[in-house]
Protein chains: 2
Amino acid sequence: MTKKPGAREDALPAIAEVFREYGYEGASLALIGARTGLGKGSLYHAFPGGKAEMAEAVLAAIGAWFEETVYAPLRDDPDPRAAIRLMLSETDAYFRSGRRVCLVGAFALTEGRDGFADRIAGYFRDWREALAEALIRAGRPAAEADSLAEDAVLTIQGGLVLARALDDPAVFGRMLGRLEERLVSE
Amino acid sequence: MTKKPGAREDALPAIAEVFREYGYEGASLALIGARTGLGKGSLYHAFPGGKAEMAEAVLAAIGAWFEETVYAPLRDDPDPRAAIRLMLSETDAYFRSGRRVCLVGAFALTEGRDGFADRIAGYFRDWREALAEALIRAGRPAAEADSLAEDAVLTIQGGLVLARALDDPAVFGRMLGRLEERLVSE
DNA sequence: GCTTGTCTGTACCGATCGGTACAAACACTG
DNA sequence: CAGTGTTTGTACCGATCGGTACAGACAAGC
């Protein structure tokens with residue numbers, strides 16, 4: 001008897017990091033095995049669906065983390081400006097100030113719609129909508145809030161791409177600074 | 001005797017499209033062969049260095065096209081505002097209004113620095129600097145021009161990521177609209 | 001015609017891919 | 001302790017990976 005439900009969750013962060021660095025195609029099971037310290041037996045025991053299920057689980061975990069840490073406050077925090085500032089600081093922390101890449105964004109660019117498309121779209125749609133909600137609650141007109149929210153989400157992704165491309169994390173910090181001005185000032 | 005120097009250049013667009021859709025790892029030689037209509041023999045004759053040389057050549061061709069079509073006018077056109085507007089319209093056309101992805105950006109996110117890093121960084125650095133130049137010539141203070149240029153380059157990349165992620169090319173068009181306001185209005 | 005050099009299709013290479021089979025090792029319950 | 005179900009390492013599978021070898025097809029110069 002005795003299940004070990006922790007194994008799956010314990011391995012997820014390491015698996016996520018491999019996907020993040022190498023992309024879906026580039027993340028081989030050998031690499032995943034090495035980074036998690038798990039053999040194929042354990043890996044396929046925890047994820048019977050193989051690589052695809054690992055990616056699914058990773059995307060789900062990321063989505064859940066953002067939902068709880070970022071989107072929920074944007075929607076519900078009585079102080080919407082504080083929620084937006086929280087979003088910016090959590091984003092900075094999550095992406096290690098531009099040294100880390102967005103797995104969801106990377107998947108979006110390369111993946112041939114392996115069934116991840118829904119999750120990928122949901123991640124960004126939720127972010128955009130939660131932020132628009134906060135902006136409206138902060139007193140912005142609805143149309144302006146939608147536009148600003150879309151711009152913010154896309155700007156963060158672009159900041160990650162450019163920071164990585166130039167190998168210059170400072171790009172990410174400057175981008176967050178400009179974003180804060182646009183979102184919470186005035 | 002008789003060289004056939006055209007073969008290489010003729011195949012490049014098809015090869016580029018494969019890299020664009022599948023990423024470096026995902027683009028198999030079988031796929032490239034099918035899309036170019038070239039067998040392995042021809043492929044390795046035109047690109048003795050194999051896949052890596054194909055990617056190099058594709059990146060070089062993209063860089064050259066942008067240099068000629070976008071960066072040079074930004075630096076040299078006597079009407080900097082017109083050059084910026086040209087940049088926006090050429091960008092819209094090149095990325096097929098958001099239906100196409102940026103190969104350089106996609107490589108930047110996933111590639112483990114296979115020697116492409118320099119070319120990738122150069123592509124974005126040149127864009128940013130040429131745009132800053134145009135903004136300065138249009139009357140912006142240098143610091144503001146640098147900031148705006150970096151923001152614009154990164155915003156375009158983000159627009160591509162988000163348009164692809166949401167499978168909604170309209171995102172890209174809206175982003176270009178906002179960008180035009182920021183860059184040439186006021 | 002023959003020669004010379006450029007192309008290209010095909011067969012093949014070792015390595016690695018994702019995935020499966022399964023038996024030994026393990027951790028619990030009784 | 002025996003018994004039961006879980007967890008794991010290992011060997012193995014066919015397919016495909018990027019890359020090489022090379023013989024024949026081809027075109028141009030003589």
Side-chain angles (χ1 to χ4, degrees), chain A residues 1-60 103 106-107 110-116, chain B residues 1-60 103 106-107 110-116:
Chain A
M1 280 238 213
T2 63
K3 277 267 181 67
K4 225 181 160 188
R8 208 179 134 106
E9 280 66 28
D10 290 351
L12 273 186
I15 298 178
E17 220 53 42
V18 178
F19 279 127
R20 214 186 290 276
E21 292 176 33
Y22 298 91
Y24 185 74
E25 306 283 349
S28 71
L29 291 186
L31 216 41
I32 295 174
R35 293 278 270 269
T36 55
L38 266 41
K40 277 195 176 187
S42 317
L43 236 27
Y44 271 85
H45 183 75
F47 304 92
K51 200 172 160 180
E53 185 174 344
M54 297 179 207
E56 253 294 314
V58 164
L59 286 172
L103 192 157
F107 271 31
T110 55
E111 254 2 85
R113 308 286 83 80
D114 295 322
F116 304 140
Chain B
M1 279 240 217
T2 67
K3 276 269 183 64
K4 226 181 158 188
R8 206 180 136 106
E9 279 66 27
D10 291 350
L12 273 185
I15 299 178
E17 220 53 43
V18 178
F19 278 128
R20 216 185 289 276
E21 292 176 31
Y22 298 91
Y24 184 74
E25 307 282 349
S28 69
L29 290 187
L31 216 41
I32 294 174
R35 293 279 269 272
T36 53
L38 266 41
K40 277 196 175 185
S42 316
L43 237 27
Y44 272 85
H45 183 75
F47 303 93
K51 201 172 159 179
E53 185 175 345
M54 298 179 207
E56 254 294 315
V58 164
L59 287 172
L103 193 158
F107 271 31
T110 54
E111 256 1 86
R113 309 285 87 76
D114 294 323
F116 304 140

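Chain identifiers are assigned alphabetically (A, B, ...) following the order of the sequence lines, protein sequences preceding nucleic acid strands; residue numbering begins at 1 within each chain. No hydrogens, no waters, no symmetry mates; every other heavy atom, side chains included, goes into these values. Note that the structure is a prediction, hence the values are computed from the model and not measured.
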**Student:** For the CZ atom of B/Phe47 and the OG atom of B/Ser42, what is their distance to the nearest 0.5 Å?
**Tutor:** 11.0 Å
**Student:** Sequence neighbours excluded, which residues qualify as side-chain contact (heavy atoms from CB on, under 4.5 Å) partners of A/Tyr44?
**Tutor:** A/Leu29
**Student:** For the pair B/Leu43 and B/Met54, evaluate side chain to side chain contact (heavy atoms under 4.5 Å, CB included) and give the outcome as yes or no after the intermediate values.
**Tutor:** CA-CA 9 Å; B/Leu43 237 27; B/Met54 298 179 207; 3.8 Å; yes
**Student:** What is the minimum heavy-atom distance between B/Ala27 and B/Tyr22, and which atoms define it?
**Tutor:**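 The pair with the smallest heavy-atom distance is N-CB, 3.8 Å.
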**Student:** Rounded to whole angstroms, how far apart are CG on B/Leu31 and P on D/dG19?
**Tutor:** 15 Å
**Student:** Restricting to salt bridge (charged side-chain N to carboxylate O under 4.0 Å, His left out), what partner residues turn up for A/Glu25, sequence neighbours left out?
**Tutor:** none
**Student:** Of the residues in residues 32-42 of chain A, which ones touch DNA chain D at a heavy-atom distance under 4.0 Å?
**Tutor:**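 By residue number: A/Gly39, A/Gly41, A/Ser42.
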**Student:** Return a table of donor-acceptor pairs under 3.5 angstrom between the side chains of residues 11-19 of chain B and protein atoms on other chains or two or more places apart.
**Tutor:**
unit_1: B/Glu17; atom_1: OE1; unit_2: B/Arg100; atom_2: NH2; d: 3.2
unit_1: B/Glu17; atom_1: OE2; unit_2: B/Arg20; atom_2: NE; d: 3.4

**Student:** Could you state the OH-C1' distance from A/Tyr44 to C/dT20, rounded to the nearest angstrom?
**Tutor:** 9 Å
**Student:** Roughly how many Å is it from CG in A/Leu43 to C1' in D/dT10, rounded to a whole number?
**Tutor:** 15 Å
**Student:** Work out which heavy atom in B/Thr36 is nearest to a heavy atom in B/Ile32; give both atom names and the distance.
**Tutor:**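 Of all heavy-atom pairs spanning B/Thr36 and B/Ile32, the closest is OG1-O, 2.7 Å.
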**Student:** Rounded off to whole Å, could you give me the CG-to-C1' distance for the B/Asp10 and C/dC7 pair?
**Tutor:**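 The answer, rounded to whole Å, is 14 Å.
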**Student:** Between P on C/dC17 and CD on B/Glu25, what's the gap in Å once rounded to a whole number?
**Tutor:**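 In whole Å, C/dC17 P and B/Glu25 CD are 10 Å from each other.
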**Student:** Near DNA chain D, counting only heavy atoms under 4.0 Å, which residues of residues 45-56 of chain B show up?
**Tutor:** B/Gly50, B/Lys51
**Student:** Need the bend value for the helix from C/dG1-D/dC30 to C/dG30-D/dC1: angle between end axes, 5 pairs each end, nearest 10°.
**Tutor:** 0°
**Student:** Testing the basics here: between A/Ala55 and A/Phe116, what is the closest heavy-atom pair and its distance to 0.1 Å?
**Tutor:** CB-CZ, 3.5 Å
